[in-house]
Structure formats: structure tokens, C-alpha cells
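Input: a single structure, listed below in C-alpha cells.
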Amino acid sequence: RASSDGKPPKFQPPPKPVIIDRKTQKEEKRFLSPEFIPPRGRTDPFKYYIERKDMIQRRKVFNIPEFYVGSVLAVTTADPCASDKSKRFVGICIQRGGKGLGATFVLRNVIEEQGVEICYELYSPRIQAIEVLKLEKRLDENLMYLRDALPEYSTFDVNMRPVPRMAHEEIPVNKLQVRMKPKPWSKRWERPKYNIKGIKFELPEHKMKAAQKWSQPWLEFDMLREYDTSKIEEKIRKELSEELEK
Amino acid sequence: MMPIWTKSGEKRAVTLLKVQDCHVLRYVSKEESGGKTAKLLVGGKNVSPFSKPESAHEIFKEAGVPPKQKVTTFNVTDDAIIKPGTPLYAAHFRPGQFVDVTGKTIGKGFQGVMKRWGFQGQPASHGQTKTHRRPGAVSTNKAAKIYRGKKMPGKMGNIYRTSFGLKVWRINTKHDIIYVNGSVPGHTNCLVKVRDSKLPTYKDCNKNPPFPTFFADGDEELPEDLFDEEIFQFTDPSVKFA
């Protein structure tokens, strides 16, 4: 400032550098299971709070591990008809649906050349154990296209051993591009509404261009569809960590 | 609505009903009302006094209670009369009891005959001219008139309906929530009337309910959650079949 005594301005030391510790930042973004995030609607948030109390109660007794769509799981359920009174099924998780206590996940495997999909409820008391054999993510949130892919991509060994994983490692993203059986498929996966990145489309160029006719480029700018869950997620994470430490 | 599981692993759907500021407003004796039994007027959720006309404030002032959004009558026997002004709680009901729930159904507006009454309509093709969802014939030739009550298009929904014989699975005494089996008429966050079931099969189902009602300042100390015997509680380990 030149308007002081006429002497040169006092030396201002440069501002201290802010050190952003990337490791602690990553630890803060811990995994929150998607069924805890309430859907957008006119229900009283109190109902979700009551439901969450039940979910936390179940999680205290029974461990539900962290897993994503694309990880390979082994689930043991109680069954009155089986000889050992329990059944074990190994498969890749293709879809995680439902919110709250009714949350489900679908496991797919090909057993003796027959594709089998089983939809399990996460909080059902019949489930006795969930083990994650291979924890990884894929390029899409929904792997229903594996039904129309070659069966080799859905076969997993029933006696597979769990793949060891270091703690505090980033979850690997498997950038596998799956090859499909010849058309017709159960759904037209090349259309932009499914937004699938994990298929290696071997269709001719004109068909891929024709599929883009159904694109809706205005959807990503639609403000009424915006649902920002960051603050809700933080609150729920706090609540969860407090309750599970008790 | 929420899922719950029984001890054998079966899933049931359950509706959550919250008992919000219920007070007894007035006692009407049998002679006054002209019915077969005495009546108790009960008020529901608290509401600002500006939303009710001045004439409606009288009942609430007499009972010493803030104005309520909904007032219903319950037919009561003489030994179950409660003093006006007592609060009613969810612990009035017990798990294992059977209950009737009355509410106003979701309004669907003016609807055609297929949606409103479930008529079959007409085929989509094979020569039908402009007739696919119409009622068709309305009466016979000999009658020479249309009978009263003929099913025709009109306003659908927004009327009082009751679901009978719903089992109470669980009661949360801390937050006053009743978990009732199955679905209940009405949209989310609407006001409903819950009453002991009058179906003949459930006449003797109430084993020692709190009579005439549950008093919060009494000697009884209830746990936070009351469960039915058949419910799987989340504090237990997973179900195993022998």
C-alpha cells in the first residue's frame, strides 16, 4: 500500500500452502450401501429413519460385506428341503435393487450349460452367510446384458477360492468388453437409453447410427430430475458409523 | 410399507401407522346419540386453529386440547368410557390383535367404466367402429328404463373404505407406530381410523388388552418395541431349519 509513511510496503510473506492429504480424503469417502439412500418422493423421512434402525440392528448381528455390481459372491441360505438344510450359490452380482429392508441383489451363474439367476433379499433372515469371493466393479451399474452375452462370461467356478485383497486398496474396475451372441437379444442393448459401456458391439456402423436415433441428449440437463444425495449420504454415514460402534 | 419376516422365513408386507396426538374429545351417552351404544368422539392430528371455523373450536376448548384435523366417533360399551381430554397412544393395541382400518381411498378423478367397474370393453380390431372402452348395453328392452345404481363412468376414489381383519404385528411405544399387516386404503401420510375388528372370527382374539386404554402415566412400563410371537426379530441370529 503506497499511502503509508513513504517507506516501501512491509514484506508480506506468501500464504501458507494448504496440504491436501489425498489418503485421508479417500478414507472419508467410505462405502455406503445403496439401499440406505432414500428415494425421492413424498414419504415422511421419519419412515426411512425407522427402517434404518431395523437395518442397522440386522447388520450388527449379521455381517453384510461391501460389494458392487460385478463382484463374485457366494451366498448360503437356509432351506427346509435340502439334506444339509442349507444351500450355497456362487455367482456374479448383476443388479442391486430396492431400498430399505426390501433391498435385493441378483446373482448369475451358468451351471451345467444352464444359466441360473437367483434374486436374494439382503435382509432376509434365511440368508446365513454372504462371502465376497472377488471384489471388483465393472463399467456398468446393471449387467443384465450378460444374459445375451456368450456363456463364458457368466460362468464362475462353484468351488472358487476368495481372491485375496489388501485393505485400503482402491476397488479395481474391470474394463472387460463382453462379446455377445448373435441378435435377437432380450433388450436392444445398443440403444443409448441403457448407456452400456461394457459390450464390444460387433454390429455394422449403420445399425449403431440408427440406434442413436433414440438418444435423448436433453435428459442430462433436465433440472427436475436432479437428485443431489451428497448431504443425505453424509448424514446417513454419520448415523451408521455412530450406531455400529455402539 | 415395509417387509417383515416370520420365524419360518416367510416375508409379509406391513403398513406403518403413526398415532399422532390423539385425544378423546367428548362423551356422548346412548340416549343423547339415539344409537344402541354410547359414543366417544376422538380427534387426530394437531392442526393450526386458523384452518378450522370458529364454530368447530368449541369441542376442542371444552376438552382442553389443540384443534385436530380429523374427528371420528367410536361406538363404545359403558365400561370403556374415557374422560374427555385423555391422550390415546399406540400401546392401546397389542401385537397379535386384529384391527379394521378405515380411510379415504386415493382419488382417481372422472374415470371410465373399465377402470372404475372392471368392465371388459370391446376388442381392439376386427371391425370395431370407435368402440373399445365403452359400457355396451345399459339395460334390457322390457325394463324400458335404467335401474338405479347402474355401473357407469363417474368420479372414482376419494371415498371412505375399510380393510377388515388386519393383524397387528408390532408396536413401537416410543414413537407410537403400529405395524399392520397388508395394505390400507389411502395415500401416504393420510389420516385413517383404526378400530378393533368386528369380524366374527376375531371376536375372542384380544388376550388381555389394556382396558379401557393405555395410560402413559400409569404403573405399566412397556419396552420400546412390542413384537408378535411369530415375528423374526433382528436381534436374533439367522433362521435355521432343524
Side-chain angles (χ1 to χ4, degrees), chain A residues 35-36 38-65 75-88 97-105 119-131 240 243-244 246, chain B residues 1-21 44-46 69 90 106-107 169-180 182-184 186-192 223-242:
Chain A
E35 73 265 7
F36 280 103
R40 205 165 62 141
R42 287 165 64 166
T43 346
D44 205 355
F46 182 61
K47 184 249 179 187
Y48 296 120
Y49 168 69
I50 296 270
E51 219 174 346
R52 245 177 287 139
K53 275 204 316 195
D54 274 340
M55 288 153 78
I56 292 170
Q57 194 53 256
R58 174 73 177 153
R59 278 187 183 237
K60 280 186 189 171
V61 174
F62 173 73
N63 172 43
I64 298 175
V75 174
T76 13
T77 37
D79 187 21
C81 314
S83 51
D84 286 331
K85 303 298 169 195
S86 67
K87 269 191 187 163
R88 185 170 190 260
K99 298 282 178 194
L101 277 176
T104 53
F105 62 102
C119 177
Y120 291 105
E121 286 153 8
L122 270 178
Y123 294 93
S124 167
R126 276 218 189 143
I127 296 186
Q128 282 161 353
I130 305 180
E131 303 152 39
L240 265 186
E243 288 287 324
L244 286 173
K246 276 187 193 172
Chain B
M1 284 191 72
M2 213 167 82
I4 51 153
W5 285 270
T6 52
K7 287 206 163 129
S8 50
E10 289 160 6
K11 185 163 98 158
R12 301 285 156 91
V14 138
T15 316
L16 308 194
L17 303 174
K18 175 150 169 99
V19 176
Q20 205 165 12
D21 326 310
K45 186 168 131 176
N46 281 352
Q69 188 172 343
I106 298 179
W169 284 108
R170 178 177 163 182
I171 291 188
N172 188 321
T173 35
K174 188 175 164 196
H175 298 287
D176 279 332
I177 302 180
I178 310 175
Y179 290 59
V180 146
S183 61
V184 138
H187 56 88
T188 38
N189 304 336
C190 81
L191 290 173
V192 295
E224 188 188 325
D225 269 305
L226 291 164
F227 294 92
D228 185 51
E229 299 149 347
E230 284 178 26
I231 277 196
F232 169 78
Q233 302 186 27
F234 288 116
T235 39
D236 305 332
S238 306
V239 158
K240 270 189 200 165
F241 297 102

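Note: hydrogens, waters and symmetry copies are ignored here, and every other heavy atom, side chains too, is used. Residue numbers start from 1 in every chain, and the chains themselves are labelled A, B, ... in the order their sequence lines are given, proteins ahead of strands.
Annotation: maximal heavy-atom pairing with chain A below 4.5 Å, among B:N189, B:T188, B:L16, occurs at B:N189. The choice from B:T235, B:I4, B:D236 that makes the most heavy-atom pairs within less than 4.5 Å of chain A is B:T235.
Only the side chain of A:I50 comes within contact range of chain B, with heavy atoms under 4.5 Å apart. Of the atoms belonging to A:F46, it is side-chain heavy atoms, and not backbone ones, that fall under 4.5 Å from chain B. Heavy atoms closer than 4.5 Å to chain B are found in the backbone of A:R42, but not in its side chain. With a threshold of 4.5 angstrom between heavy atoms, B:K18 approaches chain A through side-chain atoms but not through N, CA, C or O. Of the atoms belonging to A:K99, not a single heavy atom falls under 4.5 Å from chain B.
A side-chain donor-acceptor contact under 3.5 Å links B:T15 to the backbone of B:G182. A donor-acceptor pair under 3.5 Å is formed between the side chain of B:S238 and the backbone N or O of A:I127.
Under the 4.0 Å criterion applied to side-chain N and carboxylate O atoms, A:R59 and A:E35 are assigned as salt-bridge partners. Classification of A:D54 and B:R170 as a salt-bridged pair holds, one side-chain N sitting under 4.0 Å from a carboxylate O.
By the ring pair (Phe, Tyr, Trp, His ring centres under 6.0 Å) test, B:F234 pairs with B:F232, sequence neighbours left out.
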Evaluate side chain to side chain contact (heavy atoms under 4.5 Å, CB included) for A:L101 paired with A:M55, printing each intermediate quantity in order.
CA-CA 6 Å; A:L101 277 176; A:M55 288 153 78; 3.6 Å; yes
